[in-house]
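Notes for the one structure printed next.
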Amino acid sequence: MSLVLDIFTIVAVSAGAFFFLAGTVGLLRFPDTLTRLHALTKADNLGLGLVVLGLLPQAQQPFDVIKLIAIWLFALLAGATVGQLMARVARRERPTP
Amino acid sequence: MTILDFLLAAAAFVLAMVALGLVRILRGPEDADRMMATQLFGTGGIAALLLLGVATEARAVLDVALTLALLAAFASVAFVRSASSSEGDDPKETNSP
Amino acid sequence: MTLALAVDISLALLVLAVAGWIIAVRDTFGAVIGFVAYGLLLALVWIRLAAPDVALTEAAIGGGLTGALLIGAAARLRGTEAAARAEYPGALTRMLAAILAVTVTAALAIGVLALPDPAPTLAPAATASLAMTGVGNPVTAVLLAFRAMDTLLEAIVVLLALLGVWSLAPDRAWGGCPGPRRLVDPDGVLAYLARLLPPIGIIVGLYIFWIGADLPGGKFQGATILAAMWLLVIWAGLADTPPISRTWLRILLVIGPLVFIAIGFAGAITAGAVLAYPEGYAKPLIVAIEIALMPTLVLTLALLVAGAPQRMPLQ
Amino acid sequence: MNTPTLFGLCAVALVGVGLYGLIVNPQPLRKILAFNLIGSGVFLLFGAIARRGATVGMGGDPVPQALLITGIVVAFSATALAVALVQRLFDEAGSVTLAPDAPARAPVEPPDA
Amino acid sequence: MRTIFMRAAMARGAGFFGFWLLLIGPNPADLVAGLCAAAAATWTSLRLLPPGGGRLRYAALARLALRFGQESIMGGVDVARRALSVRLPLRPGFVVYPVRLPPGPACNTFGALTSVLPGTLPAGVDHGALLYHCLDVEQPVAVQLAIDEGLLIRALGGTHDDT
Amino acid sequence: MPHSLSTPDVTTPGGLLLVLAVLVPFVGMLAGMVLGGRGTRRVALAILVAGLAIAIAIADALVRSGAAVVYLLGGWAPPLGVALRADGLAVVMLLAVAVVIGGIGAYARADFGTPPGVREARAPLLFWLLLLAVWGSLNLVFVSGDLFTLYVALELLTFAGVPLVSLGGSPETLRSALRYLLYALFGSVLYLLGAVLLYGAYGTLDILLLATRVHPEPVAWAAAALMTVGLLAKTALFPLHLWLPPAHAGAPAAASAVLSGLVIKGSWFLAVRLWLDVFAGVVTVPSAQTLAALGAAAILVGNIVALRQARLKLLIAYSTVAQIGYLFLMFPLAAGLAAAQLDDAAAVNGGLLQAISHATAKAAMFMAAGLVYTTLGHDRIADLRGVARALPMTLVAFALGGASLIGLPPSGGFLAKWLLVSAAITTAQWWWALVMLVGGLLTSAYVFIVVVRALAPAPEGWTPKASVPCYQQAAVLALALGSFLLGMAVFCPVDVAGIGRAVVPGIGSP
């Protein structure tokens, strides 16, 4: 049982790490501010979600699971709103037709 | 290699990705690019923190991550507030009494 | 174990790199952004140093309030960049500064490496006396029992800093509202965030505050979260900063230290010393002090970020 | 080399970096940042010392940890006061220069716009 | 109106108290503090976000959540695919989406949800329509958005869900 | 519930007074903040009286018991807890500050009243609150026995001092305040760094415990160097003095008196405390000589620059730079180094007297300058005609204060310099005596110039711009007279400053 859970953790955390990698590559390669925002908000939030998912079986107490999920939801809300706010600022700084 | 070692390594990897993304972002060119750094650090930092915390079995890490996630948008909001303009859908501020 | 050390080394190098960036980067705004990232990194370091209470404080203050404060200022002062660059010192000064910095660092490093082993520590003394305070978190016991005086004075320090910030108001705006007035689209994204997040933030902030007696957490961390939530509502234009002449505001600003002092002097009668607690009542009294300090700290921390009064309230 | 020593060395390096920045950066906001770097270096050193004092059942000496919380809050207050001063100075004088001859000159010449 | 308000207050209060319990655990010593915290949070919430008329439809909400989960994975995979591809397949541009929801929290929720949709990011408002920045303007963005909006309107118990 | 392990520290009779001395001013500040407007001044003046009574009571307790007054806060003994201790040095400073604050408060009553028709005005409210805060912080500096509590005290002092500098709100004062704040923060952070190193090496922050544990070794040297430099920056010793003159000269007169007379004495006192009590066995002769050399440079540079000033307030501010120099001459004479076997009490008493006589004299002179400014509408030294006629009491006060700065008998400054000079000669360090004599000559030059200019008759038909209340002049004169007559302390039957200091081990240790 423990082994299965550990394998689940390893798979999910690795997938999360992969999306952090993808997000960083996107930040490095994408051409302008707005496209880079896509890379940041989507890939990194998914990466965090997968890390959280992978850590769920490792939680020491049942309530820690709730906290982990809450952490992800807060980060998601922050990412979604900040992404939009930044997009507006970026659009204003360099207006694209 | 135990699962805890794996989580530590994953934390280091996520941190490295964040650091790499930071280079790109901090170079700009726009302020919005720079502000993305805080968002990136918010998400990546929370992930690394959770991985480190679970790896070292420190439960208090969850509360730290909860705080970080809750305040993840805070710096960006301060930025958006200061980068004001006259557009209708954006925050404006005035000094008039 | 070696893997953990490798993680620590890379973390330390990252901290140093960001610090170097903060100093070296050309424009101030970039440096400030670097500082926000730096604050988050430090929270990680505190976890590695087994100081979760400090990590919470750093996450809330370093990652939240300080960053917001500096970002606002850097954006406003953008026009002064060119003038500041003209004042940049010559190569000789920079060289001397570098030599000084390296010398100080080297001397301190020798000091750090020469620290005695085993290290002197008050942890056993704190553990031995912890039971008499009734609280489970040794850090809280230090803050509110063994060294309660420091905490009391700290609350006064923060308040005094706020008076200093207020003293920077123009005379005509004395008694008015801090900061510029926000006109924000009430249906915008910012307002949306400011409608959703604060109630949840109140729960989390009070939770961090409440568990502080026995687990990592406490009034400073909780108050910082609540202050950040209030500022969010203010910045989204959903509420305004209160005029500083309001009596309720003044009362809430001093209630924490005053209750602290009152309970402290009561201790002189009931427990034989100022800031001592009678046997068996230590924990309730500590919690009472913390509850009284909460509104004071929330208001003070938020108003420190909000800045000097600038305008009279709308009638 | 162990974790407390590592971060202790990191801390003193931060003090050095901050000291350099405090001296060479003329812009007051940058000086405030540099001061915060020095401060965080001092705090980190204290944290490393607290960690060295760990005992069974306690991850670190709680006395420095508690003082650190006080220190961080005090440093924040100092930053807030300094930032408010810089902003007011900017509002009043239109510049934030700290040049030593500026105040002596000011009563004679009109303040530069 | 008053019953709506009371019902919303009760529901939110219960929700906040539940969140408190989940954070701290069911310890009787913490209950009073929890009630105070929940009361403070409820009061704030009712002031910041006055209750609207609609009732949540939980089935539709579940479907929305499911789709949201799928989309966030798709969005991440989409960005990863583009970022890691050698050719860097990007055709960035703006798409105007004439949103049906009136301005307000519901419309904002829509914006937040669709910001995780693959390739789209709300970047502003243009004469009552949402302005989306897209990684690939040739994708059927508007169609996807319309599906999402329909789901959201149903979940919020909106009155004009079959436009 | 005392939990003392093995330390001899116990609360002594009268110990509670120390807590009151610290907290009563702060309670006054908090109450004044709530009351606002006119109520603030009433509270502040009441606290001034109460605080003076507390200081006298502490002195009484000290002299009665003949030992340091101690209070263990919360009943917790160091190293876990925090102790307040008042030895002779601290009590003398407590008393002096209470008197000077009282004089400043009496003077400021006229300048910082809420104008009619307003419920509350900015400058008056803040002045009274900050005055109380300065007082509480200084008392804490004098009586705290813990290095971290002292750090908080230093920060309190800074946060109270900076707004006093910029109370006027003009760009110059804001710039001075900012520069002062940066220097002060830099100083505090260095001090804290030193305290952290000491904790890391010796496991306590308590001054008495540290005194028994500190050894001459790299960590202790580094800590001593850092803390000393930090405190020098806050005290504005040459060459870290650049922030002081514009800051002190730009503030309102009463605020200048607080800053120049009192605030800088806090960090100086702490440096003395560290050198005499904590680092007595650590500091080396060359380091003490370096401090004194900086002091000597401050005396020469400060006095010479003061001579060249065109404005009265700047002259007085530069004279502060010079007088700070004397405060540091005592270090090689007193630190029990070169003169381990000799009686170092003369040097300590000399330094202490210098601090007190400068506090009273400088406060009086700044306030005198404020009255001159009010009367003439300017403070250009070249144009002081008519002052003697309009403000006779004030001019006498200025001259008496100046005499104390110069060191004319029987002033406090005379006795201070006499003690320092004799210490210099008995320890065979005659060069410091020479510096003091040259400094006295330079000081007399500028005091003389000002008095002579002020004695010049006013032109025909000249009238004062504004009249000043008599009690303001009386307050100034009282302080100046106090400074002038302080030399009578030589007839004091009890060596108050020496009480409670013999318990400190480590002094004079090799």
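Here is how names work: the chains are called A, B, and so on, in the same order as the sequence lines, proteins then strands, and each is numbered from 1.
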C:Ala74, part contacting chain D, at a heavy-atom distance under 4.5 Å:
both
Proximal component of D:Arg88, with respect to chain C [non-hydrogen, under 4.5 Å]
side chain
Which atoms of C:Ala24 are under 4.5 Å from chain D, going by heavy atoms: the side chain, the backbone, both sets, or neither?
backbone
Pick from C:Thr103, C:Val142, C:Ile23 with the largest number of heavy-atom pairs that fall under 4.5 Å of chain D:
C:Ile23
Heavy-atom pairs under 4.5 Å with chain C, option from D:Asn2, D:Leu45, D:Leu67 with the top count:
D:Leu67
C:Leu96, C:Val158, C:Val45: which one forms the most heavy-atom pairs within less than 4.5 Å of chain D?
C:Val45
Which of the residues C:Thr28, C:Thr66, C:Ile22 is involved in the greatest number of heavy-atom pairs with chain D at under 4.5 angstrom?
C:Thr28
When you compare the side chain of C:Leu304 with that of D:Phe76, does any pair of heavy atoms fall below 4.5 Å?
yes
Under a 4.5 Å heavy-atom cut-off, does chain D meet the side chain of C:Tyr88, its backbone, both or neither?
both
Under 4.5 Å from a heavy atom of chain C, the part of D:Val24 involved:
both
Among the options D:Ile49, D:Leu33, D:Val86, pick out the one with the most heavy-atom pairs lying under 4.5 Å from chain C.
D:Leu33
Mark yes or no for whether D:Asn25, through its side chain, and D:Gln27, through its backbone, hold a donor-acceptor pair below 3.5 Å.
no
Atom group of C:Val165 that falls short of 4.5 Å from chain D, counting heavy atoms:
both
Which residue pairs pass the salt bridge (Lys or Arg N to Asp or Glu O under 4.0 Å) test with at least one member in residues 101-111 of chain C, sequence neighbours excluded?
none
C:Thr300 versus chain D, the contacting section by heavy-atom distance below 4.5 Å:
neither
Note, C:Ser129 side chain near C:Phe146 side chain (heavy atom, < 4.5 Å)
yes
Cut-off 4.5 Å, heavy atoms of chain C, and the answer for D:Ala13 is both
Okay, side chain of D:Asp61, backbone of C:Thr121: is any donor-acceptor separation there less than 3.5 Å?
no
Looking at side-chain heavy atoms only, is the closest gap between C:Trp46 and D:Phe7 below 4.5 Å?
no
For D:Thr3 and C:Asp8, which I'm curious about, is there any donor-acceptor pair between the side chains at under 3.5 Å?
yes
Among the listed options C:Leu115, C:Val102, C:Ile9, the residue most often paired with chain D at heavy-atom distances under 4.5 Å:
C:Leu115
Which bit of D:Leu6 is near chain C, if near means a heavy-atom gap under 4.5 Å: side chain, backbone, both or neither?
side chain
Using a 4.5 angstrom heavy-atom cutoff, name the option from D:Val73, D:Val74, D:Thr5 with the most pairs to chain C.
D:Val73
Can you tell which of D:Leu89, D:Val56, D:Leu37, D:Asn36 has the highest number of heavy-atom pairs within less than 4.5 Å of chain C?
D:Leu37
So which part of D:Tyr20 gets closer than 4.5 Å to some heavy atom of chain C, the side chain, the backbone, both or neither?
both
Report yes if some heavy atom in the side chain of C:Leu77 is under 4.5 Å from a heavy atom in the side chain of D:Leu29; otherwise report no.
yes
With heavy-atom distances below 4.5 Å as the criterion, would you say the side chains of C:Val15 and D:Cys10 are in contact?
yes
Aromatic C:Phe29 / basic C:Arg78 pairing, under 6.0 angstrom, 45° off normal
yes
Is there a donor-acceptor pair under 3.5 Å between the side chain of C:Thr140 and the backbone N or O of C:Gly136?
no
So, do C:Pro138 and D:Met58 sit near enough that their side-chain heavy atoms are less than 4.5 Å apart?
yes
Less than 4.5 Å to any heavy atom of chain D: does that hold for the side chain of C:Ile61, its backbone, both, or neither?
side chain
Value for CD1 (D:Ile72) from OG1 (C:Thr224), rounded to nearest 0.5 Å, stands at 10.0 Å
Counting heavy-atom pairs under 4.5 Å to chain C, which of D:Ala82, D:Ala54, D:Gly53 comes out on top?
D:Gly53
Return a table of donor-acceptor pairs under 3.5 angstrom between the side chains of residues 30-43 of chain C and protein atoms on other chains or two or more places apart.
residue	atom	partner	partner atom	Å
C:Tyr38	OH	D:Ser40	OG	2.5

Check each atom of D:Leu22 against the heavy atoms of chain C and say whether the ones under 4.5 Å are side chain, backbone, both or neither.
neither
Heavy-atom distance under 4.5 Å to chain C: side chain of D:Ile69, backbone, both or neither?
both
Mind checking whether D:Gln65 and C:Leu143 have side chains closer than 4.5 Å, heavy atoms only?
no
What part of C:Val7 is in contact with chain D, defined as an atom under 4.5 angstrom from a non-hydrogen atom: side chain, backbone, both or neither?
neither
As an exercise: rank C:Glu154, C:Gln221, C:Arg147 by heavy-atom pairs under 4.5 Å with chain D and give me the winner.
C:Glu154
Going by the side-chain contact (heavy atoms from CB on, under 4.5 Å) test, name the single residue among D:Thr97, D:Val96, D:Val83 that passes it with D:Pro28.
D:Val96
Heavy-atom contact with chain C under 4.5 Å, split by part of D:Leu85:
both
If one checks every heavy atom of D:Asp91 against chain C at 4.5 Å, the contacting part turns out to be side chain
Check each atom of C:Ala308 against the heavy atoms of chain D and say whether the ones under 4.5 Å are side chain, backbone, both or neither.
neither
Looking at D:Ala50, D:Ser77, D:Gly21, D:Gly59, which makes the most heavy-atom pairs under 4.5 Å with chain C?
D:Ser77
Just wondering, do D:Leu81 and C:Leu162 contact through their side chains at under 4.5 Å, heavy atoms?
no
Most heavy-atom pairs under 4.5 angstrom with chain D, which of C:Val112, C:Thr57, C:Leu122?
C:Leu122
